Undergrad: 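Encoded as structure tokens, here's the structure I'll be asking about.
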Amino acid sequence: MEKKLDDIQEIQNKIIQLREQLHYHNYRYYVLDDPEMGDGEFDLLMRSLIELESSYPQLITADSPTQRVGGMVAGGFKRVNHATPMRSLGNCFAADELLAFHNRVQNGLGEEQDIEYVVELKIDGLAINLIYENGHLVSGVTRGDGTQGEDVTTNIRTIKSIPLMLRGDHAGIPSFLEVRGEIYMPRKEFERLNHEREEAGEALLANPRNAAAGSLRQLDPKVTANRALDVFVYGIGTYTGIELTTHGQVLGYLSQLGLKTNPHYQIFNQIEDVIAYCTGFAEKRHELPYEIDGMVIKVNDLSSQQILGYTAKDPRWAIAYKFPAEQAITVVEDIFVGLGRTGVLTPTAILRPVRVAGSTVSRATLHNQDYIEEKDIRIGDTVIIHKAGEVIPKVVAVVKEKRTGGEIPFVMPEECPECKGKVIRQEGESAHKCTNPHCPALFREGLIHFVSRDAMNIDGLGPAVLNALVDTGLVKDVADLYRLEMEQVLTVPRMGKKSAENLLTAIENSKQAGLSRLLFALGIRHVGVKAAGIVAKRYGNMEDIKQASVEELLELDEVGTKIAESIVAYFAAEENLELVARLETAGLNMTEEKQIITENQLFSGKTFVLTGTLDKMSRNQAADMIQKLGGKVSGSVSKKTNYVVAGTEAGSKLDKAQELGIEVLEEEDFLKMVGNVE
Ligand code: IVH
């Protein structure tokens, strides 16, 4: 049955109303980044519109928010001329070049007086020319050679921050307007896209700019729609129907029309302030969620811009202040394998030296075998490297087109480069490790562990001092620490008398650390602070632990097969027994008060979980107290938990306790409980 005319009228009104609402909320979300409505509500509105439009397809218009994603572009993108040419900018790299630019501007204008400049971010994307006719987006064309670009309208329409319709009442909307801006890909989206490509085994994209360019040149707009591209507009070409006198006004006008301008622009009338703003941003650039490659300085007054005009290439009224490039192309001359402290073999690319981000780069970490294989990096390859701020340079991608066939694939050595020990890669791990327990790299790690806070807690033995002691041969095993003398310690570079004294005192004091700490410090596999404490308190002296059997150890709460077997294996090795003997001779306390767990102890049979930060003690101290009183400490909350002690910023464990109805103690309550028995 035919719908009556006023019914259709009513439906059309409803459709118009829905479109207006959707345009508005789209604007709040994508342009202002300040949504008024949740995603769910927005989707509901969108669904209502889709339903109405599919019942009344004759009412669909190109501006409808449902019409962002169109059909495939057949036969490639059309080339079209720009109404006003799109110029590029002259570059400069240093403060004195900005001063020279300022002088040229002053001379050009024949003025001695101050000149107002607008300073903007130089967004690292690709330039676009958007044409709005009577407020409707009719075309989006790339810069191309400046006079002629490619018509990418179908793809531009998928970018949500580009309005399909300008905002404002009819009178304020220009009949023709060319808007200039930069399409870019936010860092997060770039990472997401590359991650997706990695999973799919596709080549990675070198940077967000290439990713944006590639996304915009897709013949299928659905693909573009799936890449969260974004835009900042920064200027106008041909326009009608409005009087503008400054560039600042241009930016204000563009935002008023609902276009997305960048908020970080500033107006200055002193070139020194311009310079300070530019150099200041060089530091801050990495904090932005998108990449910028410099700053753009523009004369604010539009009639002055006209007077200054253009050289053959660039405007005389604007200049780009470029930051040092963060990417460069170079060659992998070799791949060197170094050994980390944990015995991990780490491949490093030796690069043909190249300037990147203000310094010369000749190495880049390659992390591990998987990383090299994923990127297919070979010796002799031409690669793109990236260095941002203080970050260690990375190889981003291989330029495969430059391959000659002579490149050599990398193979991880089977022997440790430091000690020639056997190298293995354990299943499920990305690292290759040296298996020789005497490997100097492993020894260094063992030493660091031995002196660490939860172990022997020896202050003043940072990595630099330890390395020096190992390199000079003064310390060949941990027992050697206890034989160090003043003159020897003083041979460590930059070691003063006072620090040496402090260090020797700290070493001396550590002799009384006790059995729990010592057992943990030995670095027996799987034996953490907790297990060491339990075993030490049960046996009370090292001698008995040395003799313990797996079965005996298994009787202890919290000691599982892995721990028990590892302890027995440790004390079965002659060299470990020798080390312990040397430590004993050095005077280390090898005992601890034995803790007999009896039924009448306060916490006997009770399981505690500690969570959050405690005020009056560390969690380890609290655990000690609980164990002394016969209680158990567990890492996770379950029905078997009796108490959860919650400090500040307690998280999911507290939630779980509440969910299971387990008694939660604040630190005060816990202390009271403990205090009652003292
Ligand atoms: S103004 C005549 N402002 O940098 C002046 N350009 O080589 C035209 N760009 O092609 C450009 N951010 O793609 C201007 N705030 C900004 C910009 C910017 C990025 C790009 C644009 C242009 C290139 C200059």
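The basis for the numbers below is simple: all heavy atoms, side chains too, and nothing from hydrogens, waters or symmetry mates. All values derive from a computational prediction rather than experimental measurement. Quick note: residue numbers are just sequence positions, from 1. Remember, it's 1-based here, ligands and their atoms both numbered in the order they're listed.
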Undergrad: I need the nearest protein heavy-atom contact for atom 7 (O) of ligand 1: residue, atom name and distance, please.
TA: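 Closest protein heavy atom to atom 7 (O) of ligand 1: L89 N, 3.1 Å.
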Undergrad: Quiz question: by atom type and distance under 3.5 Å, do the side chains of N262 and Y290 form a donor-acceptor pair?
TA: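 Yes.
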Undergrad: Picking from I183, V141, I159, what satisfies side-chain contact (heavy atoms from CB on, under 4.5 Å) with I128?
TA: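 Testing I128 for a side-chain contact (heavy atoms from CB on, under 4.5 Å) against I183, V141, I159 leaves exactly one candidate, I183.
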Undergrad: Report the nearest protein non-hydrogen atom to atom 22 (C) of ligand 1: residue, atom name, distance rounded to 0.1 Å.
TA: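 Going by distance alone, atom 22 (C) of ligand 1 is nearest to Y234 OH, 4.1 Å.
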Undergrad: Judging by distance only, is a nitrogen or oxygen of S88 under 3.5 angstrom from one on ligand 1?
TA: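 Checking ligand 1 against S88, no N or O pair falls under 3.5 Å apart.
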Undergrad: Any atoms of ligand 1 less than 4.0 Å from a non-hydrogen atom of A127? List them with their elements.
TA: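 Atoms satisfying the 4.0 Å criterion: 10 (O), 13 (O).
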Undergrad: What about Y239 and F176, are their ring centers closer than 6.0 Å?
TA: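 No.
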Undergrad: Hey, does G235 sit under 4.0 Å from ligand 1 if you only count heavy atoms?
TA: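 The answer is no: ligand 1 sits nowhere under 4.0 Å from a heavy atom of G235.
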Undergrad: Could you check atom 13 (O) of ligand 1 against the protein and tell me its nearest heavy-atom contact, residue, atom and distance included?
TA: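 That would be E182 OE1, 2.5 Å.
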Undergrad: With no hydrogens and no angle check, do the side chains of E53 and T66 hold a donor and an acceptor under 3.5 Å apart?
TA: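 Yes, a side-chain donor-acceptor pair sits under 3.5 Å.
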Undergrad: Is Q67 reaching over with its side chain to a backbone N or O of D63, donor-acceptor style, under 3.5 angstrom?
TA: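 No, because the side chain of Q67 does not come within donor-acceptor range (under 3.5 Å) of the backbone of D63.
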Undergrad: May I ask whether L121 has any heavy atom positioned less than 4.0 angstrom from an atom of ligand 1?
TA: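 Heavy atoms of L121 do come under 4.0 Å of ligand 1.
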Undergrad: With a 3.5 Å cut-off and no angle check, do the side chains of T404 and E407 form a donor-acceptor pair?
TA: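 Yes, E407 and T404 have a side-chain donor paired with an acceptor closer than 3.5 Å.
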Undergrad: Describe, in one word, how the ring planes of H264 and F281 are oriented to each other, choosing from parallel (under 30°), tilted (30 to 60°) and perpendicular (over 60°).
TA: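 If you compare the ring of H264 with that of F281, the planes turn out perpendicular.
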Undergrad: What heavy-atom pair brings A318 and K298 nearest, and what distance separates the two atoms?
TA: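 Nearest heavy atoms, A318 then K298: CB-CG, 4.0 Å.
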Undergrad: Out of all atoms in ligand 1, which are within 4.0 Å of some heavy atom of E120? Include the element for each.
TA: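 Heavy-atom distances to E120 below 4.0 Å select 3 (N), 15 (N), 16 (C).
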Undergrad: For atom 8 (C) of ligand 1, what is the closest protein heavy atom, and at what distance to 0.1 Å?
TA: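 For atom 8 (C) of ligand 1, the nearest protein heavy atom comes out as R87 O, 3.6 Å.
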Undergrad: Is it true that atom NZ of K260 has more than 12 heavy atoms of other residues, nucleotides or ligands lying nearer than 6.0 Å?
TA: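 Yes - once you tally the heavy atoms of other residues, nucleotides and ligands closer than 6.0 Å, there are more than 12.
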Undergrad: Give the residue and atom name of whichever protein heavy atom lies nearest to atom 2 (C) of ligand 1, and the separation in Å to one decimal.
TA: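 The closest heavy atom on the protein side is P315 CG, 3.6 Å.
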Undergrad: Which residue and atom name correspond to the protein heavy atom nearest atom 12 (N) of ligand 1, and how close is it?
TA: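 Atom 12 (N) of ligand 1 sits closest to the protein heavy atom I123 N, 3.1 Å.
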Undergrad: Which ligand 1 atoms, with their elements, are less than 4.0 angstrom from a heavy-atom of V296?
TA: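 Checking each atom against V296, I get 3 (N), 15 (N), 16 (C), 17 (C).
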Undergrad: So which heavy atom in the protein is nearest atom 23 (C) of ligand 1, and how far is it from that ligand atom?
TA: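 Result: K122 NZ, 3.9 Å.
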Undergrad: Considering heavy atoms of the protein only, find what lies nearest to atom 3 (N) of ligand 1 and give residue, atom and distance to 0.1 Å.
TA: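 Atom 3 (N) of ligand 1 sits closest to the protein heavy atom K298 NZ, 3.0 Å.
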